[in-house]
Amino acid sequence: MPLFLKVDDVLAVPLPALSEPLMGKVAVSLSTWSTREDAATCSSGIAEPQLHPLTSWFESVHRFIMYIRVEAVEIETEAAVACPEVRALVATLGALVDPDRTQIQQRANIHGMMVYPVPNRWHLRAVAFESLLRQGTQPLTAWHQVLHAGVRWMLECSGLDTSMDVQVTCPETFAVLVHGSRPLQTLWTTMQVLNSRGIHLCEIDCALLMPAGLSESQCDGSEAFTKNEDQRQVLDPWQTLLAHLRLAEERCRQSWPCVLYLSRFEVLVQQLSPEAVERGISTEAQRALMTTLRWLFEPAGGAFGTSSTAPGERSTWLEDVSDGAPRVERQHRWLIIADISASSIAPADMPTELVSMFTAVLETPRITRNELSQILEIFLIGQLEQGPCLGRELIQVLRQSLAPVQTCTEREALALVRRLGSRFSAESFVEASATETASRLSETITDCLQFYQRMRIAMTVGIPSVPQVRWSDIGGLDDAKEEVRTLLRPNRTSLSSRQLHHRTGILLYGPPGTGKTLLAKAVATECGYAFISVKGPELMNMYIGESERNIREIFTKARQSAPCVIFFDELDSIAPRRGVGSDSGGVSDRMVAQLLAELDACSNHIRGAHSEPDTVGSDLRPARETRSAEAPFESVVFVLGATNRPDLLDPALLRPGRFERMVYIGSPSTLAEKRVVLQALMRKFRLAPNVDLDQVLVDAPTVMTGADLYGLAVQAWLRAAKRTLLHSRRRDAYRNLLRTVDGAVVDSASAAGTAECPPERANMSTCNGQQHSGDEAGEAASELTPEVKVCQEDLVEAARQATSSVSAADLARYQELRERFAANTGRDTGEIRFTERAG
Ligand SMILES: Nc1ncnc2c1ncn2[C@@H]1O[C@H](COP(=O)(O)OP(=O)(O)OP(=O)(O)O)[C@@H](O)[C@H]1O
């Protein structure tokens with residue numbers, strides 16, 4: 001059978017029967033290896049009894065394995081062979097194979113398979129944060145105990161641990177469910193303990209098992225189990241998932257002794273929830289997933305029953321092993337660990353049938369304030385290695401800033417670490433004095449805590465995280481930014497509470513692609529409140545009463561996570577003028593009425609909050625706990641709306657206490673304004689020194705919105721990247737990069753609002769909608785990021801090809817609309833005729 005290899009594959013080649021002296025050496029080194037970690041990690045005395053059976057088992061099966069990792073050696077031309085470095089390499093490797101002239105034919109028998117830890121991102125994260133977690137957190141003692149019990153069970157089931165009493169009842173399965181808040185520490189601890197025992201870890205990241213589209217509503221699981229030949233395409237996602245799970249079982253069997261670790265198991269749990277049925281996953285599909293899981297967890301009772309033995313047979317195999325030579329091939333059992341601690345799901349939220357499959361359920365504790373402080377100290381010390389040392393003053397500042405935090409999850413702690421890392425580098429503090437450094441640290445931590453607070457709220461209430469857009473990502477629009485800032489952060493020093501203007505909401509209006517959504521995203525990032533973004537049409541539901549219920553639910557969610565900002569994009573689609581709607585059931589009229597009622601409730605809250613002198617203007621503080629004495633402010637909900645057609649809105653929306661302030665967001669008109677927008681869009685680009693943006697804009701169309709300028713910037717960057725590709729030697733890496741960027745461009749064309757994701761970090765951010773993997777993608781992208789330098793010619797060429805998405809005539813009509821609204825201060829203005837429906 002031919003064996004195809006690729007780079008990074010690991011070959012496990014079993015060594016033939018070993019000579020006596022060599023066997024002794026391997027056995028000795030195995031035992032040294034196994035005990036080395038024990039001293040550091042395990043206080044219990046379980047290590048030794050486990051070690052001996054394992055060592056003797058390895059000896060008995062003569063399974064000594066040499067591991068070979070496949071690497072690529074790039075030698076391009078014959079001329080290269082003449083170079084001394086290459087000659088040295090040839091001398092080291094012993095041979096040089098010219099792939100153009102050499103054919104290799106290889107035949108091999110596969111005797112076994114080594115589970116090399118699949119380098120999935122989850123696994124890499126655990127490794128990346130290992131030292132921080134090891135030094136900063138308390139060891140997971142309870143987890144150590146469960147793990148040791150599981151390993152002991154594995155050995156006992158397989159008859160390796162001859163010290164065990166054969167009469168002891170050995171359960172058929174041992175599956176542990178871990179929940180709580182430390183997924184990476186749990187995985188890392190497991191890796192460490194198993195490593196020290198010479199036991200493989202077969203880690204499967206369930207989030208990566210999910211084929212694209214499976215969780216989407218268009219994948220109807222009911223069709224997935226029909227026998228219709230024509231529907232093969234639909235069958236695939238589910239079958240792939242189930243096949244992956246069966247494959248996991250196969251891998252564990254082949255590489256025994258092995259522990260199967262299902263990280264992010266919650267992704268599978270979510271497919272089994274009642275909400276999944278609403279998303280289009282059929283009950284048949286859920287049943288099939290459950291059957292596969294049961295089979296995986298309970299080999300003896302499962303439907304597929306491959307290696308299983310009926311419970312009654314157990315005594316037979318114990319007798320088999322007690323006669324001396326262990327018959328290890330008879331019963332290999334492996335410990336199964338399912339981890340849901342990366343999510344807020346608790347066992348109580350899981351189907352009872354699923355929970356009952358687990359032998360043990362273990363909760364990992366939350367990270368305490370002391371642990372968090374320790375983690376951040378260790379991180380900062382590492383960060384500032386070259387800068388000022390982390391003096392006592394800084395540590396005090398750090399601890400003071402963390403005072404509002406009681407406990408947090410590992411995810412939140414690491415989010416803090418990442419945010420600190422991006423803002424707090426050694427270079428930025430080299431010149432600074434100690435006091436200056438302390439105040440900047442305090443500022444940074446406070447800012448990070450706002451983020452932490454938002455994340456916590458988001459996790460609790462299930463609000464999706466929002467992309468990172470800073471004020472500096474928005475070019476121009478200074479008045480609009482100021483208006484929004486005033487709404488969200490009244491300035492206590494300049495105004496007394498009674499003087500404050502009680503505003504509930506702001507309506508942003510203007511031509512499409514001018515940055516309304518972008519502004520709202522910047523609010524989400526910068527204000528430190530929870531943020532709910534709703535696209536108008538998403539609220540519409542064909543069933544009577546459902547659309548209103550959707551609106552009610554959004555406001556309820558917002559109140560639960562207050563202070564909170566709700567952003568209604570495309571507001572005209574849910575709140576058109578009443579009485580002129582074309583829907584026979586009057587759905588939109590009822591939606592408008594519901595929206596008005598909710599807005600009035602918000603307005604009353606704000607009045608309540610602002611009428612308390614002490615509560616007004618409580619500046620953005622790090623954590624909610626700090627506002628415990630300011631309860632009314634805590635319940636404030638602000639509303640932002642955006643529309644291209646304010647003239648179509650129901651006028652009642654624009655009355656005081658609702659969207660009473662209207663802010664026009666127009667396209668940049670002068671050359672200077674366009675330059676500012678372009679500069680903001682290319683903030684992260686590497687530009688050639690000769691770039692002159694004014695000159696570039698001379699060649700561009702006269703009317704250009706922010707979105708058009710974004711298109712220009714993307715085209716210029718793509719041109720530069722393609723040029724780089726041609727000249728680059730790292731072609732594969734660049735090809736990957738270009739593929740990703742092309743995807744991002746398509747995304748940006750189909751869905752507005754990806755400007756926070758400029759091409760150079762296109763695969764680092766949330767362009768593809770997979771919010772939770774943004775950071776992970778960033779890690780992967782950083783390996784590929786090439787030196788793409790955008791030159792004047794790229795920009796000029798992109799400017800020549802640029803088109804304008806809004807006509808001059810439509811812009812003039814928007815201007816007219818703006819004047820009418822300014823004159824009428826929000827009163828009914830009547831509809832304006834556009835050449836075509838904007839947006
Ligand atoms: N002032 C600006 N500064 C930087 N980028 C901008 C600006 N205005 C628009 N853009 C770019 O244009 C893209 C589209 O903008 P956005 O989605 O915010 O427009 P919009 O006004 O909400 O459009 P629509 O009314 O069609 O929803 C943004 O993602 C951003 O890349």
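Whatever order the structure lists them in is the order used to number ligands and atoms, beginning at 1.
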Colleague: Run the numbers for me: atoms of ligand 1, each under 4.0 Å from some heavy atom of Asn644, listed by number.
Modeller: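 Counting atoms of ligand 1 from 1, those under 4.0 Å from Asn644 are 25 (O).
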Colleague: Test your reading of the structure: does Thr517 have an N or O sitting under 3.5 Å from an N or O of ligand 1?
Modeller: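 Yes; at least one N/O pair falls below 3.5 Å.
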Colleague: If you measure every N or O of Ala680 against every N or O of ligand 1, does any of those distances drop under 3.5 Å?
Modeller: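 In fact, backbone or side chain, Ala680 has no N or O that close.
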Colleague: Looking only at distances, please establish whether an N/O atom of ligand 1 is found under 3.5 Å from an N/O atom of Ile474.
Modeller: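 N/O-N/O distance under 3.5 Å: no.
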Colleague: More than 12 heavy atoms of other residues, nucleotides or ligands under 6.0 Å from CG of Asp694: is that the case?
Modeller: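 Yes, because the 6.0 Å sphere around CG of Asp694 holds more than 12 heavy atoms from other groups.
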Colleague: So does Asp572 get a backbone contact from the side chain of Arg645, meaning a donor-acceptor N/O pair under 3.5 Å?
Modeller: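 Not a single qualifying donor-acceptor pair exists.
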Colleague: Residue-level breakdown please: for Leu681 versus ligand 1, do any non-hydrogen atoms fall below 4.0 Å on the side chain, on the backbone, on both, or on neither?
Modeller: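 The answer is the side chain.
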Colleague: Should Arg723 and Asp794 count as an ion pair when the cut-off is N to O under 4.0 Å?
Modeller: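 A salt bridge is present here (some side-chain N lies under 4.0 Å from a carboxylate O).
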Colleague: Below 4.0 Å from any atom of ligand 1, is there a heavy atom belonging to Ala642?
Modeller: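 It does not; every heavy atom stays at 4.0 Å or beyond.
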Colleague: Under 4.0 Å, counting heavy atoms only: does Asp473 come that close to any atom of ligand 1?
Modeller: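 A heavy atom of Asp473 does come that close to ligand 1.
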Colleague: If we ignore hydrogens and angles and just use 3.5 Å, is the side chain of Lys516 paired with the main-chain N or O of Gly510 as donor and acceptor?
Modeller: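 Looks like yes, one N/O pair under 3.5 Å.
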Colleague: Please list, in number order, the atoms of ligand 1 under 4.0 Å from a heavy atom of Gly475.
Modeller: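 Answer, ordered by atom number: 1 (N), 2 (C), 3 (N), 4 (C).
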Colleague: Please work out whether any backbone atom (N, CA, C, O) or any side-chain heavy atom from C-beta onward of Leu518 is under 4.0 Å from ligand 1, and answer side chain, backbone, both or neither.
Modeller: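 Both parts.
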Colleague: Run the salt-bridge test on Arg800 and Glu797 with the 4.0 Å N-O cut-off and return the result as yes or no.
Modeller: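 A salt bridge is present here (some side-chain N lies under 4.0 Å from a carboxylate O).
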Colleague: So, Asp810 side chain and Ser807 main chain: donor-acceptor pair closer than 3.5 Å or not?
Modeller: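 Not a single qualifying donor-acceptor pair exists.
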Colleague: By number and element, which atoms of ligand 1 are closer than 4.0 Å to a non-hydrogen atom of Tyr710?
Modeller: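 Those atoms are 31 (O).
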Colleague: Do the non-hydrogen side-chain atoms of Pro576 and Leu648 ever get within less than 4.5 Å of each other?
Modeller: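 No - every pair of side-chain heavy atoms lies 4.5 Å or more apart.
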Colleague: Main chain of Ala700, side chain of Lys674: is a donor-acceptor contact present, judged purely on distance under 3.5 Å?
Modeller: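 Not at all, since once roles are kept as given, no pair shorter than 3.5 Å links the two residues.
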Colleague: Can you find an N or O of Asp569 that's nearer than 3.5 Å to an N or O of ligand 1?
Modeller: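 In this structure, Asp569 places no N or O atom under 3.5 Å from an N or O of ligand 1.
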Colleague: So, is Gly513 polar-close to ligand 1, with some N/O to N/O distance under 3.5 Å?
Modeller: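 N/O-N/O distance below 3.5 Å exists for this pair.
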